[in-house]
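Every chain is numbered from 1 and lettered A, B, ... according to where its sequence line falls, protein lines coming before strand lines.
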Number of protein chains: 2
Amino acid sequence: MPAAKTAAPSPPDADSCKAFGNILDRVGDKWTVMVIGGLADGPMRFNALQRLITGVSHRMLTLTLRGLERDGLVKRTPFATVPPRVDYELTPLGHSLRPALEQLAAWVGTHRAAVEEARRAFDRQ
Amino acid sequence: MPAAKTAAPSPPDADSCKAFGNILDRVGDKWTVMVIGGLADGPMRFNALQRLITGVSHRMLTLTLRGLERDGLVKRTPFATVPPRVDYELTPLGHSLRPALEQLAAWVGTHRAAVEEARRAFDRQ
DNA sequence: CAGGATCCATTGGGATACTG
DNA sequence: CAGTATCCCAATGGATCCTG
C-alpha cells in the first residue's frame, strides 16, 4: 500500500485520498476493529485480549496494540509488578471511533446472510 | 468483535468471529471503500473509476470490483459495443453500506489531525 | 476499453525461542 | 506475563504483455 508516487495530478483529492487511505488502513484493519471492540467496555490485559480475540497471534496483537497506541487510540499502562502486568484501554479518541465501528458491525450483522448468499450464487456459475 | 457488547468471555463466538472478520476484510479494505465512495453518485466506467481513485492499479481495481460483484455489492453491466464498455454501479445492498462508510469517513475527516499529531508525538521519543 | 495471465519483489504474519 | 527477535513460507500487489 505504499501509495503511488503518481505525479500530482490535478484532482483536489489526490492527496487527501492518500491520507485517507493511510488512516483507513489502520482503522479498517481486522484486528484493530476487534481490539477496539474488546476494549469498548473497559481496560484489559494483554492476555485477556488475546483470549477474547479468537485467532490473533501473540505477535499480531502486540503489533496491533503498538499501532493503536501510536495513533493515540489506545493507552498502555504498565505496572511494575512481578510478573509484569499491562493494561490497555481506549483513549477518548479511541472511544470516539466506536460509533462508526459499531455501525459497521451492525451492518455486517444485518447483511451477512445476504452477502454469503450472493457469494454462493456467484460461485455457483 | 463477535459480541462487542460485554467483555465477558462468552465462549461461543469463535466462529462468528471468523465470519465477521471475513466480511470485514472485504468491507474494510482500502480500495473497496474508495470504490464504493466513487460509485456513490451513480454508475461509472472502469477507466473513470481508475482515474478517480488515485493510486489504484489496473489489476487491483479489477480484483476489487470482482470481489464486490461477488459479494452482491456492485452490479457489472457490459455493453457489447466496440470498444467495449462496462458500467459498474452499487446494488441496493451496496448502497445500504454507504451510511456506515460515510460515518467512518466523517470520523477520519474530523480526527485525522489528531491521529497525525499523536503519531508525531509517539515517534518523537 | 476492459480484463485476463504471468512474472516477480515485497510484505504479512505464523511459529518458535529468548529476555526482563 | 508481556514483549522482542528470528526464521520462513504464503499471500499481496505492481509491472507488463496478451486477447476480444
Rounded to the nearest Å, what distance is computed from the [atom1] atom of residue [X] to the [atom2] atom of nucleotide [N]?
| X | N | atom1 | atom2 | result |
| --- | --- | --- | --- | --- |
| A:D87 | D:dC1 | CG | P | 14 Å |
| B:D29 | C:dG12 | CG | P | 14 Å |
| A:D25 | C:dG12 | CG | C1' | 13 Å |
| B:I53 | D:dG14 | CD1 | P | 13 Å |
| A:M34 | C:dG13 | CE | C1' | 16 Å |
| B:F46 | D:dG20 | CZ | P | 19 Å |
| B:R51 | C:dC1 | CZ | C1' | 11 Å |

Item to check | Pairing residues for B:D123 by the salt bridge (charged side-chain N to carboxylate O under 4.0 Å, His left out) criterion, not counting sequence neighbours | outcome: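 Listed in chain order: A:R70.
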For residues 85-94 of chain B, run the donor-acceptor check on the side chains, cut-off 3.5 Å, and write out each pair with its distance to 0.1 Å, sequence neighbours left out.
{"residue": "B:R85", "atom": "NE", "partner": "B:D87", "partner atom": "OD1", "Å": "3.2"}
{"residue": "B:R85", "atom": "NH2", "partner": "B:D87", "partner atom": "OD2", "Å": "3.3"}
{"residue": "B:Y88", "atom": "OH", "partner": "B:R76", "partner atom": "NE", "Å": "3.4"}
{"residue": "B:T91", "atom": "OG1", "partner": "B:G72", "partner atom": "O", "Å": "2.7"}
{"residue": "B:T91", "atom": "OG1", "partner": "B:L73", "partner atom": "O", "Å": "3.2"}
{"residue": "B:T91", "atom": "OG1", "partner": "B:L93", "partner atom": "N", "Å": "3.3"}
{"residue": "B:T91", "atom": "OG1", "partner": "B:G94", "partner atom": "N", "Å": "3.0"}

Item to check | Any B:Y88 side-chain N or O less than 4.0 Å from OP1/OP2 of C:dC1 | outcome: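 Indeed not, no polar side-chain atom of B:Y88 lies that close.
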Next on the checklist: Side chain of B:R45, heavy atoms from C-beta onward: which of D:dA2, C:dG3, C:dC1 has the nearest atom to it?
Outcome noted: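 When the side chain of B:R45 is considered, C:dC1 is the closest of D:dA2, C:dG3, C:dC1.
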Checklist entry - What are the residues of residues 69-81 of chain A, sorted by number, that bring a heavy atom to within less than 4.0 Å of DNA chain C? => result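 Result for residues 69-81 of chain A: none.
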Item to check | Cationic N near anionic O, under 4.0 Å, B:E116 to B:R119 | outcome: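 No.
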Checklist entry - Which ring-ring contact (aromatic ring centres under 6.0 Å, His included) pairs, counting each pair once, include a residue from residues 89-109 of chain A, with sequence neighbours left out? => result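 Found A:W107-A:H111.
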Next on the checklist: Listing request: all ring-ring contact (aromatic ring centres under 6.0 Å, His included) pairs with a residue in residues 59-79 of chain A, at least two apart in sequence or in separate chains.
Outcome noted: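 Sorted pair list comes back empty.
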Next on the checklist: Name the residue from B:L61, B:D29, B:V56 that meets the side-chain contact (heavy atoms from CB on, under 4.5 Å) definition with B:V35.
Outcome noted: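 It is B:L61, the one option of B:L61, B:D29, B:V56 that forms the side-chain contact (heavy atoms from CB on, under 4.5 Å) with B:V35.
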Item to check | Axial bend angle, the helix from C:dC1-D:dG20 to C:dG20-D:dC1: five-pair end segments, nearest 10° | outcome: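 Here the local axes at opposite ends form an angle of 40°.
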Residues two or more places apart in sequence or in another chain: which of them pass side-chain contact (heavy atoms from CB on, under 4.5 Å) with [X]?
| X | answer |
| --- | --- |
| B:A121 | B:E117, B:R124 |
| B:A100 | A:Q103, A:L104, B:L97 |
| A:A106 | none |

Next on the checklist: Going by salt bridge (charged side-chain N to carboxylate O under 4.0 Å, His left out), name the pairs with one or both residues in residues 48-65 of chain A, residues two or more places apart or in two chains.
Outcome noted: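 Of all non-adjacent pairs touching residues 48-65 of chain A, none passes salt bridge (charged side-chain N to carboxylate O under 4.0 Å, His left out).
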Checklist entry - With sequence neighbours left out, what residues match B:H58 under ring-ring contact (aromatic ring centres under 6.0 Å, His included)? => result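 In terms of ring-ring contact (aromatic ring centres under 6.0 Å, His included), with neighbours along the sequence ignored, B:H58 is linked to B:F46.
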Next on the checklist: Counting only heavy atoms and a strict 4.0 angstrom limit, can you tell me which residues of residues 55-66 of chain A come near DNA chain D?
Outcome noted: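 A:H58, A:R59, A:T62, A:R66 - these, ordered by number, are the residues of the stretch whose heavy atoms sit under 4.0 Å from the strand.
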